Amino acid sequence: MIAENRKVRFDYFIEDTYECGVELQGTEVKSVKNGSVSFPDGFAEIINGEVWMKNCHIAEYSFSSIFNHDPDRPKKLLLHKEEIKRLIRKVDTKGYTLIPVDFYLKNGRVKVTLGVCKGKKMFDKRASIKDRDVKRDIEREFSKGLRG
């Protein structure tokens, strides 16, 4: 695991996830492997049958020469045509959006988990906070009971 967007699970219901490859240029790969990725407000768009990730910042690699990459350029995500068609059908329905959930390495290649998400309302967020607090209290009581 290189980077994770924790805010996604709080702000959205994740309906489905897809594993995507990322088309990166030269020094971007080294920056990603260093963990220099920031994407709290990142999203993906489908343009002309291609999936593009936007608002994802990959910092410049500090040990490279002057020929460095643009940190904020849109990155192309690599998916099969059938998966893109499925995504188009899902995103066309009201309220769904594509959001990167996390970056990770698989066999030395950088991958992104792309989530098909639907936004939560305020009362859903309150329910998530309440569930988290209740779960924390139960774990605290359980560990206290184990200690005696």
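Note that the coordinates shown come from a computational prediction; the quantities given were computed from them, not determined experimentally.
Listed by chain and number, the hydrophobic cluster partners of M122 come to none, as no ILVMFWY side chain reaches under 4.5 Å of it. Taking Ile, Leu, Val, Met, Phe, Trp and Tyr as members and joining any whose side-chain heavy atoms lie under 4.5 Å apart, directly or through other members, F43 forms no hydrophobic cluster with any other residue. I138 forms part of a hydrophobic cluster together with V134, judged by ILVMFWY side-chain heavy-atom separations under 4.5 Å. Grouping Ile, Leu, Val, Met, Phe, Trp and Tyr by side-chain contacts under 4.5 Å, direct or through others, puts Y61 with F63.
With sequence neighbours left out, D137 forms a side-chain hydrogen bond (donor to acceptor under 3.5 Å, both in side chains) with R140. Shown here are the side-chain contact (heavy atoms from CB on, under 4.5 Å) partners of I47, two or more places apart in sequence or in another chain: E45, W52, K54. Residues passing the side-chain hydrogen bond (donor to acceptor under 3.5 Å, both in side chains) test with R89, sequence neighbours excluded: none. Residues that satisfy the side-chain contact (heavy atoms from CB on, under 4.5 Å) test with E141, not counting sequence neighbours, are K144. Among residues two or more places apart in sequence or in another chain, the salt bridge (charged side-chain N to carboxylate O under 4.0 Å, His left out) test is passed with R73 by E28.
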Can you give the donor-acceptor pairs under 3.5 Å from side chains of residues 76-87 to other protein atoms, not counting sequence neighbours?
{"unit_1": "K76", "atom_1": "NZ", "unit_2": "E50", "atom_2": "OE2", "d": "3.1"}
{"unit_1": "E83", "atom_1": "OE1", "unit_2": "H80", "atom_2": "N", "d": "3.2"}

Donor-acceptor list for residues 99-106 side chains, cut-off 3.5 Å, not counting sequence neighbours:
{"unit_1": "D102", "atom_1": "OD1", "unit_2": "T113", "atom_2": "OG1", "d": "2.6"}
{"unit_1": "Y104", "atom_1": "OH", "unit_2": "E19", "atom_2": "OE2", "d": "2.6"}
{"unit_1": "K106", "atom_1": "NZ", "unit_2": "E19", "atom_2": "OE1", "d": "3.3"}
{"unit_1": "K106", "atom_1": "NZ", "unit_2": "E19", "atom_2": "OE2", "d": "3.3"}

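Sequence neighbours left out, the pairs with a member in residues 118-128 that pass salt bridge (Lys or Arg N to Asp or Glu O under 4.0 Å) are D11-K125.
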